[in-house]
Protein chains: 2
Amino acid sequence: MTMNNGAGARRKPPTIHDVAREAGVSRGTVSRVLNGGHYVSPSAQEAVNAAIRRTGYVVNRHARSLITGRSDSVGFLLTEPQERFFEDPNFNVLLRGCTQALAAHDIPLLLMLAGTEDERRRITRYITAGHVDGVLLVSSHSGDPIASELREAGVPLVACGKPIGIGSKVSYVAADDRDGARDMVRHLLAQGRRRIGVVTGPLDTPGGVERLAGYKEVLAEAEVAYDERLVVSGDYSRASGEAGAARLLERAPDLDAVFVASDLMAQGVLTTLRRADRRVPEDVAVGGFDDSPAATAATPSLTTIRQPWDRISSEMVRVLLAQIGGEDPAAVILPTELVKREST
Amino acid sequence: MTMNNGAGARRKPPTIHDVAREAGVSRGTVSRVLNGGHYVSPSAQEAVNAAIRRTGYVVNRHARSLITGRSDSVGFLLTEPQERFFEDPNFNVLLRGCTQALAAHDIPLLLMLAGTEDERRRITRYITAGHVDGVLLVSSHSGDPIASELREAGVPLVACGKPIGIGSKVSYVAADDRDGARDMVRHLLAQGRRRIGVVTGPLDTPGGVERLAGYKEVLAEAEVAYDERLVVSGDYSRASGEAGAARLLERAPDLDAVFVASDLMAQGVLTTLRRADRRVPEDVAVGGFDDSPAATAATPSLTTIRQPWDRISSEMVRVLLAQIGGEDPAAVILPTELVKREST
DNA sequence: ATGCTCTCTGTGAGCGTTCACAGTAGAGAA
DNA sequence: TTCTCTACTGTGAACGCTCACAGAGAGCAT
């Protein structure tokens with residue numbers, strides 16, 4: 001018996017027609033005002049704006065999209081398996097940064113999760129159907145098929161981090177992983193450390209590859225012998241940090257520092273070192289990467305490499321919008337910063 | 001001189017008309033197949049499906065939305081100030097849960113951040129313009145104006161956690177905070193603790209109020225005197241946990257346990273206790289709330305209350321979709337679970 | 001036969017916008 | 001004057017879909 005449609009029954013919103021009538025002009029003129037106001041007389045301009053204010057008019061994006069073919073929205077696509085998503089605080093700030101940068105252009109962000117094969121197919125269909133104008137792609141392991149599919153379909157695309165194993169024609173924004181790693185290892189060397197272990201990220205990710213490369217470069221440049229017993233790989237998770245450190249201690253008990261490719265793994269490394277009764281930083285210095293909340297949460301707090309996530313997100317949006325606007329793909333590399341804390 | 005539009009120039013996608021021609025039927029029939037297939041003969045049904053597969057047809061949601069008035073998308077609205085957003089891992093899993101639950105219905109999720117007054121206005125406009133069918137509202141402090149505005153406008157709305165200070169006609173899904181608190185305090189009592197301090201959340205949030213209420217109830221039921229020197233408030237942040245514990249130690253140096261209304265604050269409490277040379281759990285037991293990653297990351301690991309975030313998100317989506325479908329608002333309360341670890 | 005219901009199908013209209021085009025008025029040049 | 005150019009305005013068409021309606025045929029009772 002009740003109306004059942006909430007508090008204030010949703011009334012029909014005003015259309016461009018209502019505004020035109022209210023302002024005493026034609027649809028066309030209102031439309032022109034809405035789209036930049038070129039070829040509109042000041043008086044008409046003002047009348048329309050007043051009418052818009054009075055009626056509370058908001059453009060119907062569906063109608064607009066239908067004719068323009070644009071959707072004025074972009075997708076934020078996550079292809080990671082579950083665990084990493086909510087373990088890694090970087091995704092969070094990246095997501096927030098992108099949302100805000102887009103909001104400034106009045107563009108809503110659609111969150112898309114392609115964890116399973118099934119989801120991947122649905123999302124590809126959705127995107128290639130033109131329901132978003134472009135895609136912000138986060139963390140594609142190498143060979144992620146969705147990136148090349150989208151590329152193939154001509155969808156504007158910006159990746160976070162350099163995608164490996166894809167043709168070079170895809171835009172990306174990344175921190176200078178290699179240089180960050182160099183800074184950290186130089187810092188460790190400067191503290192007098194010589195037996196520096198490293199826990200890398202997955203070697204099918206740019207972060208995994210580049211940070212290791214930086215490590216090697218600095219060792220070479222300092223003429224410290226490269227010892228492969230000092231190198232183990234993790235998957236960015238806490239647990240893999242614990243395991244990695246255990247392996248390092250076993251293979252090179254004399255190590256006096258560890259460079260860890262993520263703060264989360266570094267937390268794991270700290271746990272293992274504590275269990276092994278190594279003091280940090282007295283016996284072993286530990287350097288992380290990311291400057292995530294985990295870095296300050298750790299005891300002792302972590303010396304780490306800050307990635308400029310705020311700039312990364314805003315650059316991703318900038319590059320994507322440029323590409324939607326017809327520009328060619330571009331790559332942007334941003335500098336990192338060493339943050340010294342208690343662990344070194 | 002170049003075409004400048006990426007790899008494969010985006011071709012015009014097939015329309016319902018193309019499918020109809022391909023299947024040898026009319027637009028109407030194709031549309032009916034698309035919308036449930038009632039009043040369609042099996043042979044037509046099959047012909048249409050085949051044609052859809054052959055042409056790679058995907059419905060144009062803008063055209064559909066234009067006429068139906070529905071947008072087949074929902075908003076995920078965050079009204080928190082920045083810090084909490086990416087400090088609180090719960091948002092993360094909530095967000096993921098909602099995205100997935102919606103994906104099952106083929107409904108994209110629009111992420112909306114209303115941090116500033118300005119953003120709030122824009123987003124309200126966007127939503128009330130009908131660009132989403134409903135809103136999942138996360139963490140409204142009391143008096144959050146956006147909730148009542150949306151309610152007023154008749155927008156289907158489901159809050160995460162019981163909104164306080166709003167008329168009762170808004171749907172929400174929440175964990176049973178009070179009961180979780182009761183479990184934790186009973187657990188501490190069972191360990192022989194009698195001087196149990198508490199660091200509450202902000203008292204303008206349901207979590208703040210309810211968890212404190214549970215604490216009081218159990219003390220009363222156990223006939224342990226309530227001592228207001230044992231009660232301090234925080235804001236769910238690490239730092240406020242540190243400060244809160246310091247205040248507790250000062251006002252009640254004899255305390256033998258602390259119930260902390262969030263894991264993040266509990267981490268702060270642990271830090272302060274360590275500085276004050278109180279052993280955990282020997283001297284002081286610490287109980288958290290949330291079972292966030294912070295709980296396992298802490299040393300010692302935290303006994304805490306697990307909130308069923310996966311169920312919370314799926315219930316939120318269920319209730320919202322029901323409401324969009326015309327059902328009345330509903331409240332859902334879900335049980336919590338005590339997780340025992342090293343800190344008690 | 002006639003009427004009625006029931007399933008199925010095609011058709012026209014219209015959702016709210018933008019776009020292309022045509023047209024008007026005024027200014028300046030020839 | 002007349003012509004051209006520029007600034008501005010209004011008017012049909014679309015865009016791709018759903019919805020209401022009309023109509024066709026089948027089945028069954030009257």
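The shown structure was predicted, so the numbers you read here are calculated from the model rather than taken from an experiment. First the proteins, then the strands, lettered A, B, ... as listed; each starts at 1. What you see below is based on every heavy atom in this structure, not just the backbone, and it leaves out hydrogens, waters and symmetry mates.
- One can place NE2 of A:His62 at 19 Å from C1' of D:dA14, the figure rounded to the nearest angstrom.
- OP1 or OP2 of D:dG10 lies within a sub-4.0 Å distance of a side-chain N or O belonging to A:Thr29.
- When the P atom of C:dT17 is taken as reference, atom CZ of A:Arg70 falls 15 Å away, rounded to whole Å.
- The side chain of A:Ala44 approaches D:dT9 more closely than any other nucleotide in the set D:dT9, C:dT9, C:dT18.
- The distance between atom CD1 of B:Ile67 and atom P of D:dC15, rounded to the nearest whole Å, is 16 Å.
- When distances are taken from the side chain of A:Val40 to each of C:dC8, C:dT9, D:dT9, the shortest belongs to D:dT9.
- Contact annotation: B:Tyr39 does not reach the phosphate of D:dC21 (side-chain N/O to OP1 or OP2, under 4.0 Å).
- Between A:Glu119 and A:Arg122, none of the side-chain N atoms (NZ, or NE/NH1/NH2) sits under 4.0 Å from a carboxylate O, so this pair counts as no salt bridge.
- Computed from coordinates, the B:Asn35 CG to D:dC17 P distance equals 11 Å when rounded to whole Å.
- Residue whose closest nucleotide on DNA chain C sits further toward the 5' end, between A:Ser31 and B:Pro42: B:Pro42.
- To the nearest angstrom, C1' of C:dT17 lies 12 Å from CG of A:Asp72.
- For D:dT9, the OP1/OP2 oxygens have a side-chain nitrogen or oxygen of A:Ser41 closer than 4.0 Å.
- Separating the CD1 atom of B:Ile16 from the P atom of C:dG10 is a distance of 12 Å, rounded to the nearest angstrom.
- Counting only distance, with no hydrogens or angles, the side chain of A:Ser171 and the backbone of A:Ala330 share a donor-acceptor pair below 3.5 Å.
- For the pair B:Ser26 and C:dT11, the criterion of a side-chain N or O lying under 4.0 Å from OP1 or OP2 is not met.
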> What's the verdict on side-chain hydrogen bond (donor to acceptor under 3.5 Å, both in side chains) for B:Ser71 and B:Asp133, showing C-alpha distance, side-chain angles and the deciding distance?
Replying inline: CA-CA 6 Å; B:Ser71 70; B:Asp133 293 336; 3.2 Å; yes

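- The main-chain N or O of A:Lys169 is found under 3.5 Å from a side-chain atom of A:Arg151 such that the two form a donor-acceptor pair.
- Side-chain proximity of A:Ala63 to D:dC19, C:dG16, C:dC19: nearest is C:dG16.
- You'll find a donor-acceptor pair under 3.5 Å spanning the side chain of B:Arg27 and the base of C:dG12, going by distance alone.
- Nucleotide D:dC15 holds its P atom 10 Å from the NE2 atom of B:His17, rounded to whole Å.
- Summarising the geometry, the separation between CZ on B:Arg64 and C1' on C:dG16 is reported as 18 Å, rounded to the nearest angstrom.
- With DNA chain C read from its 5' end, the first of the two nearest nucleotides for B:Gly28 and A:Arg32 is the one closest to B:Gly28.
- Closest heavy-atom contact between A:Gln323 and A:Leu157: OE1-O, 3.4 Å.
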